[in-house]
Amino acid sequence: MGGRGLCGKAPVLDLRLPVWHPAGDKTGFDQMNLFADIRALVVAELTAMTAEGALPAGLDFAHVAVEPPRDAAHGDMATNAAMVLAKPAGLAPRAIADALAVRLAKDARIMAADVAGPGFLNLRLSNLVWQSVVKSALTDGADYGRSNAGGGRKVNVEFVSANPTGPMHVGHVRGAVVGDALSNLLAFAGWSVTREYYINDGGAQVDVLARSAYERYREANGLEPEIREGLYPGDYLVPVGAALKEKYGTSLLNQPESVWLTDLRDYASAMMMQEIRNDLAQLGVRMDVYSSEKALYGTGQIEAAIQTLRDQGLIYEGTLEPPKGKVPEDYEARIQTLFRSTAHGDDVDRPVMKSDGSWTYFAPDIAYHFDKVQRGFDELIDIFGADHGGYVKRMKAAVSALSGGRVPLDIKLVQLVKLYKNGEPFKMSKRAGTFVTLHDVVEQAGADVTRFMMLTRKNDVALDFDFAKVLEQSKDNPVFYVQYANARINSVLRKAQAAGLDVSDAALAKADLTQLSHPAEIDMAQQIAEWPREVEIAAKGNEPHRIAFFLYELASEFHGLWNRGNDDPSLRFIQEGKDATSCAKIALARATGVVISAGLSILGVKPAEEMR
RNA sequence: GCACCCAUAGCUCAGCUGGAUAGAGCGUUGCCCUCCGAAGGCAAAGGUCGCACGUUCGAAUCGUGCUGGGUGCACCA
């Protein structure tokens with residue numbers, strides 16, 4: 001036996017004894033999450049202690065946590081159980097901790113359980129546990145870290161929703177990326193996700209679009225366009241004008257607006273939407289549903305939504321106080337139809353109908369969100385630009401009222417992106433006139449780099465995007481740093497394969513992982529073990545940026561291990577003449593790669609196979 | 001005037017939803033790099049977590065009140 005190229009022959013590493021999953025503890029999905037496993041063990045022991053009378057009955061274990069300690073010197077994991085329970089149990093924290101420590105230490109996975117400080121219980125886990133994590137990553141592959149935290153709940157993520165009046169610009173990019181990555185993340189964490197775009201094609205802005213397009217149509221017919229104040233000046237409408245000439249010839253020239261407005265509005269906004277779809281595709285953003293504001297008019301949906309509010313006594317006729325501070329000069333109190341949003345947490349009531357009897361923008365938006373509620377979503381998420389901050393409370397109030405408080409609405413405000421090039425503020429206006437388009441950004445930086453960088457800040461903080469820096473190949477550049485780690489891993493696999501080793505995941509999963517005993521290797525495995533936990537934390541907080549940060553840390557750990565191989569050849573992944581050891585080390589590298597791929601896939605970034 | 005967001009090392013930012021001596025990168029300083037895995041590596045210095053109260057075993061994290069910066073505030077979308 002021991003033929004070259006085999007990564008088998010390992011002792012059985014499956015430590016999943018029944019004790020890991022006490023009956024009634026959630027679903028089987030958490031079995032990949034080591035922290036959840038150990039927490040389950042702690043809770044099981046606490047339950048047993050209660051049964052034996054060591055703890056009073058009726059204690060709430062909800063706040064018992066198992067987490068990595070801030071300082072790794074304290075151990076692999078720590079639980080606050082004793083401190084959380086001390087007061088309600090009427091016992092000293094250390095007494096509970098001591099008793100719990102004795103019990104936990106009996107578990108095969110736990111090497112040591114030490115009480116520290118005011119009552120922390122520090123746990124040191126057997127290397128076998130960390131080694132088995134490597135195996136899990138290899139056997140689960142792309143599903144490693146997948147979670148059922150969402151429990152299959154239906155969530156609707158509305159994002160982008162740019163007006164169909166022009167191409168997408170930088171301001172839209174971040175919201176698009178955040179929404180797309182968040183959708184990926186939630187899907188990975190067990191939610192049933194619908195990605196939705198709300199087309200604002202019902203308001204005055206599409207009339208402006210139609211008039212602007214009409215001027216371009218005149219231009220296409222050899223006339224001088226009159227781009228008056230208030231029209232869209234961008235030359236992206238030139239092709240629209242040409243298409244209109246193609247379709248209508250000269251028949252619309254010198255015709256009054258009433259003749260062509262409706263047609264041009266539909267035609268131009270359809271063309272703009274097509275362009276927006278192309279932009280999204282270029283950025284790698286996928287939508288499941290496009291909903292139209294215009295389609296809500298005339299169907300009775302707006303009336304029905306307002307009626308639902310009226311039935312709750314939330315609609316009334318009245319006048320609003322003028323805004324305090326700077327009052328507009330032409331302010332004049334008027335009677336309007338108002339939504340009593342203050343009954344659901346807003347600061348002032350909001351108009352749904354203008355004094356001339358037409359709907360405000362808010363009304364179709366209410367109807368649209370009512371539609372989402374009626375479609376049966378359990379949760380709604382809206383991604384808005386930061387300039388919509390004033391809109392958050394009224395929208396939440398509306399959803400709260402329309403769903404009877406059943407459906408939570410989380411609104412993520414995405415802050416500005418400031419563009420730079422070599423530290424200088426970046427201005428470019430190829431075709432748009434005044435703004436940098438999404439197309440320009442992606443063309444310069446690439447979709448992968450753009451997406452990753454947009455996720456390196458939490459959404460409510462402004463972000464600097466420097467075209468020079470994001471393309472730099474150095475450690476300063478997080479995209480490169482993570483991609484480089486993946487490239488190194490692939491390089492190891494290629495070399496091993498060339499040397500005749502079977503480096504398939506199936507083969508590597510059978511490697512003798514007990515060979516991974518060096519602290520640096522255990523550290524690497526521990527980082528891999530954190531992945532499922534990180535996914536759940538990020539998903540529950542709707543915070544995709546955590547994935548980007550985690551990948552950076554993971555890459556950092558990997559590069560660190562790689563660099564130590566410079567000084568200590570025994571830490572190199574390929575050990576000449578020692579296939580069993582090589583297989584184990586390559587398995588560790590590949591497991592790291594599995595997580596990087598999974599993480600990048602959530603971010604919507606293609607992993608780099610090699611750097612050039 | 002009101003609402004929302006932000007404030008953590010010189011700079012750019014993380015910080016596990018309340019845990020132990022608050023972290024990373026850049027920058028600075030020092031050391032290492034003829035070859036064996038260096039588009040680098042190791043180490044050090046650097047903090048009143050904007051301020052003040054409060055909640056409790058325990059606060060950067062939660063609450064209240066301030067200060068400074070950003071954004072938005074009548075029938076615009």
Side-chain angles (χ1 to χ4, degrees), chain A residues 35 63 65 67-71 73-74 78-80 82-84 86-87 92-93 116-120 122 163 165 200 202-206 208 293 319-328 330-338 346-348 350-362 364-365 385-393 411 413 415-416 456-464 472-478 480-481 484 488 491-492 495 530 533-534 536-538 540-541 543 545-546 548-550 552-553 556 559-560 562-567 569 571-574 611:
Chain A
F35 293 90
H63 292 99
E67 299 168 326
R70 193 171 272 175
D71 185 345
H74 290 130
T79 177
N80 60 355
M83 284 181 293
V84 171
K87 196 172 185 185
F120 278 102
N122 292 325
N163 292 340
T165 54
N200 289 133
Q205 78 280 9
V206 280
V208 175
E293 176 193 357
T319 55
L320 288 173
E321 293 285 311
K324 300 255 165 62
K326 53 162 199 196
V327 179
D330 57 346
Y331 178 82
E332 189 181 335
R334 294 196 180 118
I335 293 183
Q336 303 167 244
T337 305
L338 303 172
D346 202 356
D347 306 308
V348 291
R350 307 290 179 176
V352 294
M353 191 180 273
K354 306 176 195 172
S355 53
D356 68 1
S358 65
W359 297 115
T360 64
Y361 171 77
F362 189 33
D365 231 359
D387 55 342
H388 284 60
Y391 215 66
V392 170
K393 283 191 176 181
I411 298 181
L413 294 180
Q415 287 289 339
L416 288 177
T456 54
R457 291 283 178 276
K458 51 188 168 196
N459 59 279
D460 43 17
V461 168
L463 175 117
D464 292 344
E472 201 171 274
Q473 299 209 338
S474 79
K475 194 179 176 184
D476 311 354
N477 179 354
F480 169 80
Y481 197 60
Y484 190 29
R488 276 181 158 171
S491 161
V492 167
K495 279 185 186 168
E530 286 242 20
R533 190 169 164 273
E534 196 65 35
E536 292 202 355
I537 290 171
K540 284 176 181 170
E543 296 177 323
H545 75 278
R546 285 179 184 275
F549 278 98
F550 176 82
Y552 184 81
E553 283 170 27
S556 177
H559 288 306
W562 178 283
N563 288 327
R564 291 188 66 160
N566 292 330
D567 298 330
L571 283 175
R572 296 181 188 181
F573 293 99
I574 299 175
M611 308 304 297

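- Base pairing of A3(B): its partner is U71(B), meeting the Watson-Crick or G-U wobble criterion (both donor-acceptor distances under 3.5 Å).
- Using modelled atom types, no side-chain atom of Thr319(A) and backbone atom of Ile335(A) make a donor-acceptor pair closer than 3.5 Å.
- Between Lys540(A) and the phosphate of U17(B), there is no side-chain N or O to OP1/OP2 separation shorter than 4.0 Å.
- Comparing Asp356(A) and Tyr481(A) against RNA chain B, the residue whose closest nucleotide sits nearer the 5' end is Tyr481(A).
- Figure legend. C62(B) is base-paired to G54(B); pairs are counted as Watson-Crick or G-U wobble with both atom distances under 3.5 Å.
- Ring geometry, Tyr484(A) versus Phe480(A): the interplanar angle falls under 30°, so the pair is classed parallel (tilted spans 30 to 60°).
- Residue Phe480(A) has its side chain nearest to A39(B) when only A39(B), G19(B), A77(B) are considered.
- Between Asn563(A) atom CG and A43(B) atom C1' there is a gap of 15 Å when expressed in whole angstrom units.
- Among the atoms of the strands shown, none is found under 4.0 Å from any heavy atom of Ala65(A).
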Worksheet item: Does the pair Arg533(A) and Glu530(A) meet the rule for a salt bridge (charged side-chain N to carboxylate O under 4.0 Å, His left out), with working shown?
Response: CA-CA 5 Å; Arg533(A) 190 169 164 273; Glu530(A) 286 242 20; 3.4 Å; yes
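- Counting only heavy atoms from C-beta outward, the side chains of Thr165(A) and Val208(A) never approach each other to under 4.5 Å.
- Counting non-hydrogen atoms under 4.0 angstrom, Gly202(A) reaches nothing in the nucleic acid.
- In this structure, U8(B) shows a glycosidic angle more than 90 degrees from zero, which is the anti conformation.
- Nucleic acid contact for Tyr552(A): sugar-phosphate only, since backbone atoms but no base atoms lie under 4.0 Å from a heavy atom of the residue.
- Within 4.0 Å (heavy atoms only), Gly203(A) reaches sugar-phosphate atoms of the nucleic acid but no base atom.
- Using a 4.0 Å heavy-atom criterion, one finds that Asn122(A) contacts the bases of the nucleic acid, with or without backbone contacts as well.
- At the phosphate of G15(B), OP1 or OP2 sits under 4.0 Å from a side-chain N or O atom of Lys458(A).
- Taking only side-chain nitrogens and oxygens, Lys87(A) never comes nearer than 4.0 Å to OP1 or OP2 of U56(B).
- The cationic group of Arg350(A) does not satisfy the cation-pi geometry with Phe362(A), failing either the under 6.0 Å distance to the six-membered ring centre or the 45° limit from the ring axis.
- Across all strands shown, Ala78(A) has heavy atoms under 4.0 Å from base atoms, whether or not it also approaches the sugar-phosphate.
- Going from the P atom of A77(B) to that of U8(B) covers 39 Å, rounded to whole Å.
- Residue His545(A) is in sugar-phosphate contact alone, with no base atom involved, counting any heavy-atom pair closer than 4.0 Å across all strands shown.
- Considering only side-chain atoms of Asp347(A), the nucleotide from A3(B), A77(B), G15(B) that sits closest is A3(B).
- Put simply, Phe120(A) rests on the base of A20(B): the two rings are less than 5.5 Å apart at their centres and nearly parallel, under 30°.
- The side chain of Arg457(A) approaches C13(B) more closely than any other nucleotide in the set U56(B), C5(B), C13(B).
- Considering only side-chain atoms of Arg488(A), the nucleotide from A39(B), G25(B), C5(B) that sits closest is A39(B).
- The side chain of Arg572(A) has C36(B) as its nearest neighbour among C36(B), C13(B), A39(B).
- Nearest to the side-chain atoms of Arg533(A) among the listed nucleotides U56(B), A74(B), C16(B) stands C16(B).
- Counting only heavy atoms from C-beta on, Pro68(A) has its side chain closest to C16(B) among C16(B), G19(B), A77(B).
- Distances from the side chain of Tyr361(A) to the nucleotides G19(B), A77(B), A20(B) place A77(B) closest.
- Of the nucleotides present, A44(B) is the one that pairs with U28(B) by Watson-Crick or G-U wobble criteria, both distances under 3.5 Å.
- Both Ala386(A) and Glu543(A) lie near RNA chain B, and the one whose nearest nucleotide falls closer to the 5' end is Glu543(A).
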